[in-house]
2 protein chains.
Amino acid sequence: MATISDVATRAGVSTATVSRALNGKSTVDPALAARVLAAAAELGYRPNGPARNLRKQETAVLALIISDVENPFFTAIARGVEDVAHAAGYSVVLCNSDDEPDKEREYVDVALQERVAGVLLSPTGRGDSAELLSRNNTPVVAVDRPLPNSAADTVLVDTRLAAKEATLHLAEQGYRRIGCLTGPSGVLTADDRLAGYRDGLRAAKLPAPTALVRRSEFKAPGAKQAARTLLTQDDPPDAVLVANSMMAVGVLETCTELGLRPGRDIGVVAFDDAPWATLLDPPLTVVAQPAYDMGAIAAQLLLDRISGERTDMTTTTLSAHLVTRGSSTRP
Amino acid sequence: MATISDVATRAGVSTATVSRALNGKSTVDPALAARVLAAAAELGYRPNGPARNLRKQETAVLALIISDVENPFFTAIARGVEDVAHAAGYSVVLCNSDDEPDKEREYVDVALQERVAGVLLSPTGRGDSAELLSRNNTPVVAVDRPLPNSAADTVLVDTRLAAKEATLHLAEQGYRRIGCLTGPSGVLTADDRLAGYRDGLRAAKLPAPTALVRRSEFKAPGAKQAARTLLTQDDPPDAVLVANSMMAVGVLETCTELGLRPGRDIGVVAFDDAPWATLLDPPLTVVAQPAYDMGAIAAQLLLDRISGERTDMTTTTLSAHLVTRGSSTRP
DNA sequence: TTGTATGCGTTATCAC
DNA sequence: GTGATAACGCATACAA
């Protein structure tokens, strides 16, 4: 592939002039600049990224570390990030941590090694990846989940409050034994939703027996199994709050298998407004989270910090809202 | 951040020895190697990626250019790619082309500039991005859709055959006016599915009036609108083949609005086995595509070519299979 | 086995 | 306004 000196030779100028012309520096004779541009085009010249990155000691790459690209919630975040990053001339490297601290750490190492401009991290909650990054002066923005020490910009959803409201909604609909199916212990969103659920029970003056709580990974199979144990026990719940849309799939499968019809036999509210929620009969009541916005805001925050426009730490908390549908309203 | 010479100084050796030790060259005294490793650890040394990439004239990065990360089909591909790439020590840069040739081209430019090791491309079908890549000696693997000139390794699903089988299935169930809702003209998977649909009609000896075909973008809103015009015309179809799961959402919304119940009033088959397909009443008949496998195979193919293990062009065609459920079976 | 020296392609600093 | 040149951090050819 052609290098800058190939272009220089062809245009009959020095490499310095080529560099200046290509980077649009004003201090270059228009005629020469035109010659350089022509030569570059003829050769199909493309600046060598690694060389430029080395010389400039910076890259135009962001890393986005999430737990799972197959989770639509994170996908929406990724879209928000990508749109903002792309508009600013940045690329995005996508990493699946699978909520494993080791994998997260591994990707942070790669990010550091490649000298990415910044990292968007949805932390597993364990491990010290974020500290490692800031120790190496790499800007970090926490997305969806806060960092342990909270020593970074953070973009969150007030998921605890949303869980409380969802639980209160179920209580208002007359459900009295409301259960909760949440994610793994230690994952902050999972714990927050559980806490919010308990807030809601308390506010509704309902008892909060631990028998009505189950945890599983944030995916359908585990949730399906967990729902089965939850719903087939003695004195089962008459409603359930589910912590994300992938789990909801599992829970609803179990409901079908057990012959429990949402909205009639059991109240169901799930986090994340999946596009298919309205297709169910009855439609699924959900807690809609502004995932795309989270990603976009987080990316903008990161870019601002990279460009040094901002030095103060900010925490942005977006709110989720309950979308009431048939699965939680008694006939 | 510490450089190789910092490590050299601390270990009391030359930078060459550090480089050799850290890269596990056998020709280095174990005692020295240990000292180097210790020094590196103490300094938290991380090789500078751009510098190394420049020097070695290669990177451990793959670019994955797809139309939309929010499409679960592509997400599954991305997962397959990422898992394989990660296992081989490669990172993946994710790019959304939105099926726009210009955006695709733009990302190809970035890939070229950053000297990525290879590109996984789900081509929009227009533009010459792939040719540009091969002209610059960057390996390409086409995923899900073939390249115009087919001058690259390719991993496909036999989507045309699958569409034919799905159509035949509908015919066997007694549907006589089968419609088709596919993606934009020019997108090969969209055209293939339409062609397969027509194959199916022909095989079933059914007429193929163009009035029963609609196109929209591969997303819910457009499909919803298109479904409305399709289903509210005079002499509407009694069944419909839908080209992907996001479109299926739109189509099913329209069905609900029009009071058409799948499996009773209208037969429905959609591409992509969405996790929520079984939750519908009746469950949705789908054409399941091996998306994860496509991604994994494509990534492996790309890595093989990068390592020079293979020089011949291969086309891998995986098969999709029909999963029959209630939305297409008459009561 | 180890060290010295060179070059990867670019940008920035300096002279001119 | 332009050109020569140094430096970014690393890996390797070559010398010792």
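To find a chain, count down the sequence lines: A is the first, B the second, and so on, and within it residues start at 1. Side chains are part of it too, since the values below use all heavy atoms of this structure and drop only hydrogens, waters and symmetry mates.
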(request) Sugar-phosphate atoms are those with a prime plus P, OP1 and OP2; base atoms are the rest. Using that split, label each nucleotide of nucleotides 7-16 of chain D B, S or - for protein heavy atoms under 4.0 Å, 5' to 3'. (result) BBBBBBB---

(message) In the structure I gave you, are the side-chain heavy atoms of B/Val13 and B/Val18 within less than 4.5 Å of one another anywhere?
(response) yes

(request) Side-chain contact test, heavy atoms from C-beta onward, threshold under 4.5 Å: evaluate it for A/Gln57 versus A/Arg115 and give yes or no. (result) no

(request) Could you check if a side-chain atom of B/Leu22 sits within less than 4.5 angstrom of a side-chain atom of B/Leu37, using non-hydrogen atoms only? (result) yes

(request) Decide yes or no for B/Leu43 and B/Met1: does some side-chain heavy atom of the first lie under 4.5 Å from some side-chain heavy atom of the second? (result) no

(request) To the nearest 0.5 Å, tell me how far B/Cys95 SG sits from B/Glu104 CD. (result) 10.5 Å

(message) I want to check something: taking the side chain as every heavy atom from C-beta on, are A/Arg145 and A/Ser67 in contact at a cut-off of under 4.5 Å?
(response) yes

(request) Kindly calculate the angle separating the two end axes of the helix from C/dT1-D/dA16 to C/dC16-D/dG1, each obtained from five base pairs, and round it to 10 degrees. (result) 40°

(message) Is any side-chain heavy atom of B/Val157 closer than 4.5 Å to one of B/Thr189?
(response) no

(message) Measuring only between side-chain heavy atoms, which start at C-beta, is A/Arg310 closer than 4.5 Å to A/Asp153?
(response) yes

(message) Taking B/Arg79 first and then A/Asp98, would you say they form a salt bridge - that is, a charged N and a carboxylate O separated by under 4.0 Å?
(response) yes

(message) Reading DNA chain C in the 5' to 3' direction, which nucleotide is the first one with an atom under 4.0 Å from a heavy atom of chain B, and which is the last?
(response) C/dT1 to C/dG9

(request) Would you indicate whether the side-chain heavy atoms of A/Val28 and A/Thr17 approach each other to under 4.5 Å? (result) yes

